[in-house]
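Residue numbers begin at 1 in each chain, while the letters A, B, ... track the order of the sequences.
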2 protein chains.
Amino acid sequence: MPNERVEAMYWIETPSGVADAAEAMADEQSSGTFVDVPGETNELRERHGATVERIEERGSTEQPSLPGSISPSNAQSPTYTQAEVVISYPLANIGASLPNLLTTVGGNLFELQELSGIRLVDVDVPDSLAREYPGPQFGIDRTREILDVWERPIIGTIIKPNVGLSPEETADRVETVVEAGVDFVKDDELLANPPYSPVEDRIVEVMSVVDAHRDRTGTEVMYACNITGDVDEMLELSDCITDAGGNCVMVSVNSVGLAGVRKLRRECDLPIHGHRNGWGGLSRCPQLGFDYGVFQKLYRLAGVDHLHVNGLRNKFAESNESVVASAQACQTPIVDEDDTAMPVFSSRQWAGQAHDTYEALGNTDLMYLAGGGILGHPDGPAAGVAHIRQGWDAALRGVPLEEYAQTCEELATAIEYYER
Amino acid sequence: MPNERVEAMYWIETPSGVADAAEAMADEQSSGTFVDVPGETNELRERHGATVERIEERGSTEQPSLPGSISPSNAQSPTYTQAEVVISYPLANIGASLPNLLTTVGGNLFELQELSGIRLVDVDVPDSLAREYPGPQFGIDRTREILDVWERPIIGTIIKPNVGLSPEETADRVETVVEAGVDFVKDDELLANPPYSPVEDRIVEVMSVVDAHRDRTGTEVMYACNITGDVDEMLELSDCITDAGGNCVMVSVNSVGLAGVRKLRRECDLPIHGHRNGWGGLSRCPQLGFDYGVFQKLYRLAGVDHLHVNGLRNKFAESNESVVASAQACQTPIVDEDDTAMPVFSSRQWAGQAHDTYEALGNTDLMYLAGGGILGHPDGPAAGVAHIRQGWDAALRGVPLEEYAQTCEELATAIEYYER
């Protein structure tokens with residue numbers, strides 16, 4: 001640790017000179033106050049100061065993207081300069097601590113009045129930090145091992161209706177999709193541990209379906225049971241799931257936070273399925289907040305095994321390019337090959353996005369979740385699952401979807417139905 | 001709980017009709033998928049559906065504030081309508097769970113393409129939830145009791161330089177400000193538990209200063225020791241602080257998250273000083289994210305006793321109006337009088353803001369922290385503390401600052417120095 005540094009890359013916009021703005025950022029995150037203070041020696045600054053490593057200008061604008069910045073030096077023709085800036089911080093300031101890393105690379109920076117735009121684009125992770133946070137326990141490979149699914153995506157669904165079902169009704173729905181052939185089934189993020197469907201009861205009901213299916217067919221199905229909650233509750237519920245023979249827990253990571261996810265990772269021996277709801281609040285203004293690359297790195301280090309990335313042609317505000325970049329980020333090692341997480345594609349998915357998804361990633365190391373794409377298939381859920389398998393078969397073989405559909409009835413019906 | 005509902009108020013902007021957009025929000029957060037699903041009965045919708053309670057239009061704009069929304073119906077002269085919308089959710093959907101409350105009232109909503117702007121403005125808290133989350137242990141009154149400071153703000157400072165000091169050097173700095181007369185002293189958010197200043201050592205050194213001062217003068221000083229970290233680390237360090245006779249812990253709430261703060265509140269019998277760093281990332285784009293009123297409510301319910309609100313005429317991007325509203329929010333009961341938190345004013349504070357702060361709040365139930373405002377005073381820290389006390393005396397007596405300074409040397413010097 002003595003000489004290790006954390007490098008963070010930012011997109012910034014500033015009414016000041018870019019170099020001044022970058023220095024203000026480095027000062028704020030190492031020793032900032034508004035007057036000189038006794039004891040802030042050059043030697044201390046040398047040892048603990050943040051350093052501006054690189055600046056690349058990226059154009060300019062005449063209007064500030066965010067409110068609250070200082071007036072530009074030339075008020076007659078105001079210019080807000082945009083730039084990519086890399087700042088490094090001594091890891092010794094932080095220690096091997098993920099929450100304190102976040103405070104240092106983000107923290108007060110978002111409020112600086114020297115900036116009219118600031119987005120955290122990337123953070124690299126020194127070895128000492130990675131050793132303290134070994135990352136996913138299961139990730140891509142061990143998730144595949146549990147399911148014995150290889151060389152194709154893990155195909156899954158979300159239990160629908162997503163709220164309001166009793167544990168028994170939930171198990172009925174699970175039975176339907178398990179018989180239909182899914183590899184994976186999860187709770188909606190809106191269903192965690194409410195009085196009308198306590199996890200304690202739901203897990204027993206659902207696992208009896210999963211167990212019966214395994215006994216009958218030899219095939220494992222993974223059920224991500226949503227245990228989002230306070231720390232004590234999550235630990236209690238994860239024990240309860242382990243006792244019931246469950247094989248996955250789901251957590252809404254932004255609602256729980258870094259420390260809570262990390263604690264669950266330490267105590268729970270099941271894969272952690274990370275739902276990203278709330279992510280839009282951290283990212284949808286392009287001139288503020290976080291790139292997904294940073295977000296996924298923080299929560300992977302905290303321990304999630306799967307992480308939602310939205311899907312191509314989704315029902316939300318995100319572009320396809322952004323979805324692909326997110327999935328690639330999850331599949332990129334931080335320190336070693338074992339620390340990747342499985343990207344989870346979801347939202348308006350059916351076979352129609354298989355080719356583009358495969359082409360963009362060049363691999364099948366992903367979960368492909370369809371709600372309406374499976375349950376809404378005109379010929380029922382089994383046809384729903386079948387048509388997605390067919391779509392991915394076609395993608396893997398390089399056969400166009402329409403052509404492949406000529407010999408696959410489920411796919412042909414789906415094309416007609418979902419493209420209507 | 002059976003009939004309790006959570007009401008959330010949003011500011012939204014939409015290219016659709018406002019009523020349609022609000023319905024899309026209610027659907028998404030109760031039973032949203034892109035095709036009808038068997039089993040989603042009217043009876044289930046009735047029992048578990050979210051309801052649009054109120055819509056008030058608030059003008060319109062020709063440009064979308066956020067990217068990714070659908071095209072407006074009238075593409076020739078596009079209009080994005082802005083509105084205040086209230087949506088209610090059955091608490092039975094959520095249970096008495098703060099993380100799941102956040103997923104429900106926020107969650108995927110930030111990504112809806114029916115919206116080109118969405119900000120969560122307020123959330124009310126049903127009784128069942130408040131009973132599960134009793135809020136601050138100490139809040140305003142018990143913090144005052146510990147310090148025996150009444151009818152004026154608690155005056156404090158941040159240890160500077162904020163990074164790089166050894167535990168012994170930190171204690172030396174604390175000795176200086178304690179002798180200067182502060183009520184409260186805290187670590188910077190950039191100093192938590194790094195190898196060069198482990199909390200275990202720092203708390204012993206600092207408390208020996210605080211204890212000696214108490215023995216000598218009978219006066220208590222509160223030291224907020226920053227224990228931000230993973231759950232196990234925070235609990236270990238809070239024990240360590242309790243054992244050393246410490247009287248406050250500090251946490252960067254956004255870096256730790258709701259579940260981590262809640263767990264600390266359960267296990268730790270000391271006041272929790274909540275630092276808000278990272279807040280700008282959740283709030284600085286006015287058309288996205290969270291109002292402070294929601295943020296402070298969530299973390300107060302999780303258990304923080306003090307919460308940073310920035311300060312008037314601060315060095316950051318926030319307006320004075322926003323700072324005042326934040327402080328008022330902290331001082332407003334959620335369920336009962338005991339659940340308020342003490343707002344913490346900080347950033348470029350000296351006596352110069354005392355009158356305006358007092359006038360805006362009408363009370364002194366706050367912490368008033370000065371770094372440079374105390375340590376940078378030309379006549380030293382004792383004069384720094386004295387001038388702030390004098391400034392607040394003047395405010396409380398309704399005497400203008402300049403007039404009061406005629407009989408207060410420290411204040412007169414400060415006015416000359418800080419207004420230069």
Which one, [options], leads in non-hydrogen pairs under 4.5 Å with chain B?
| options | result |
| --- | --- |
| A/Ser322, A/Gly260, A/Gly164 | A/Gly164 |
| A/Leu115, A/Leu102, A/Val231 | A/Val231 |
| A/Gly257, A/Ser255, A/Gly95 | A/Ser255 |
| A/Ala192, A/Ala96, A/Pro67, A/Gly106 | A/Pro67 |
| A/Ile94, A/Asp232, A/Ile118 | A/Asp232 |

Nearest 0.5 Å, please: how far is [atom2] in [Y] from [atom1] in [X]?
| X | Y | atom1 | atom2 | value |
| --- | --- | --- | --- | --- |
| B/Leu190 | A/Glu28 | CG | CD | 7.5 Å |
| B/Leu109 | A/Phe316 | CG | CZ | 9.0 Å |
| A/Leu112 | B/Lys315 | CG | NZ | 7.5 Å |
| B/His48 | A/Leu191 | NE2 | CG | 10.0 Å |
| B/Asn310 | A/Asn108 | CG | CG | 8.5 Å |

How far apart are the closest heavy atoms of [X] and [Y], and which atoms are they?
| X | Y | value |
| --- | --- | --- |
| B/Met234 | A/Ala259 | CE-CB, 4.5 Å |
| A/Ala92 | B/Pro195 | O-CD, 4.0 Å |
| A/Leu44 | B/Val163 | CD2-O, 3.5 Å |
| A/Tyr196 | B/Asn93 | CE2-CA, 4.0 Å |
| B/Ser97 | A/Gly229 | OG-CA, 4.2 Å |

Side chain, backbone, both or neither: which part of [X] has an atom under 4.5 Å from a heavy atom of chain A?
| X | answer |
| --- | --- |
| B/Asn254 | backbone |
| B/Leu288 | side chain |
| B/Arg266 | side chain |

Which one of [options] has the most heavy-atom pairs closer than 4.5 Å to chain A?
| options | value |
| --- | --- |
| B/Gln113, B/Arg47, B/His275 | B/Gln113 |
| B/Leu258, B/Leu120, B/Asn226, B/Asp172 | B/Leu258 |
| B/Asn277, B/Leu98, B/Val261 | B/Asn277 |
| B/Gly117, B/Ser197, B/Pro286, B/Gly68 | B/Gly68 |

Whether B/Arg284 side chain and A/Gly289 backbone form a donor-acceptor pair below 3.5 Å = no
Minimum side-chain heavy-atom gap A/Pro99-B/Ser252 below 4.5 Å | no
With sequence neighbours excluded, tell me which residues meet salt bridge (charged side-chain N to carboxylate O under 4.0 Å, His left out) with B/Arg276.
->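 B/Arg276 satisfies salt bridge (charged side-chain N to carboxylate O under 4.0 Å, His left out) with A/Glu111, B/Glu318 only.
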Contact part of A/Thr103 toward chain B, heavy-atom cut-off under 4.5 Å: side chain, backbone, both or neither?
-> both
Residues B/Lys263, A/Asp230: salt bridge by 4.0 Å N-O rule |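 Result for this pair is no, no salt bridge flagged.
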Partner residues of A/Asn193 under the side-chain hydrogen bond (donor to acceptor under 3.5 Å, both in side chains) criterion, sequence neighbours left out =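 With sequence neighbours excluded, A/Asn193 shows a side-chain hydrogen bond (donor to acceptor under 3.5 Å, both in side chains) to A/Glu233, given in chain and number order.
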